[in-house]
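Notes follow once the structure below has been shown.
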Amino acid sequence: MRGRPNKYEQNVKPRFNEILEWLQIGATEKEIAENLGVNHKVFCKYKKDYPELNELVKTGRKKPVQAIKAALFKRATGFTYI
C-alpha cells in the first residue's frame, strides 16, 4: 500500500512558469505555496528534495533583488525624482 500521492508532479512541476512569474513580482514562498495548493512547509520540503525547484526559486528572486539594490543605491547616493 502506498502513502499519499506526491503533489509535486501534479501541482508544482507543471507550473514552473507561473512560479517564476510570481517570484519576479515579489510573491512570498508562502503565497506561492497557497497558489499551488500545497502547505508552505511542504513547499520548503520540495525545495530540498527537488534541486530544479530550488534553482528556480533562486533564479526567480534575482531580478527583484537587483531592482531593490539599484533603488537603494540611488537613494543612498542622493538621486531624487522630480
TODO: State which residues pass side chain to side chain contact (heavy atoms under 4.5 Å, CB included) with K7; sequence neighbours excluded, sorted by chain then number.
DONE: N11, V38, Y46
Open item on the list: Please say yes or no: joined through hydrophobic side-chain contacts below 4.5 Å, possibly via intermediate residues, are L20 and Y50 part of one cluster?
Closed with: yes
Open item on the list: Please report the interatomic distance CD1(I32) to NE2(H40), rounded to the nearest 0.5 Å.
Closed with: 9.0 Å
Task: Residues in side chain to side chain donor-acceptor pair (under 3.5 Å) contact with E21, at least two apart in sequence or another chain - done: none
N/O donor-acceptor pairs under 3.5 Å from side chains in residues 52-64, not counting sequence neighbours:
from	atom 1	to	atom 2	distance (Å)
E52	OE2	Y8	OH	2.7
T59	OG1	E55	O	2.9
R61	NH1	A27	O	3.0
R61	NH2	A27	O	3.1

Solution key, residues 12-19 side-chain donor-acceptor pairs under 3.5 Å, sequence neighbours excluded:
from	atom 1	to	atom 2	distance (Å)
R15	NE	E18	OE2	2.9
R15	NH1	N35	O	3.3
R15	NH2	E18	OE1	3.2

Task: Side-chain heavy-atom pair W22, E31 within 4.5 angstrom cut-off - done: no
TODO: State which residues pass side chain to side chain contact (heavy atoms under 4.5 Å, CB included) with F73; sequence neighbours excluded, sorted by chain then number.
DONE: T77
Task: Members besides I68 in its Ile/Leu/Val/Met/Phe/Trp/Tyr cluster (side-chain heavy atoms under 4.5 Å) - done: L72
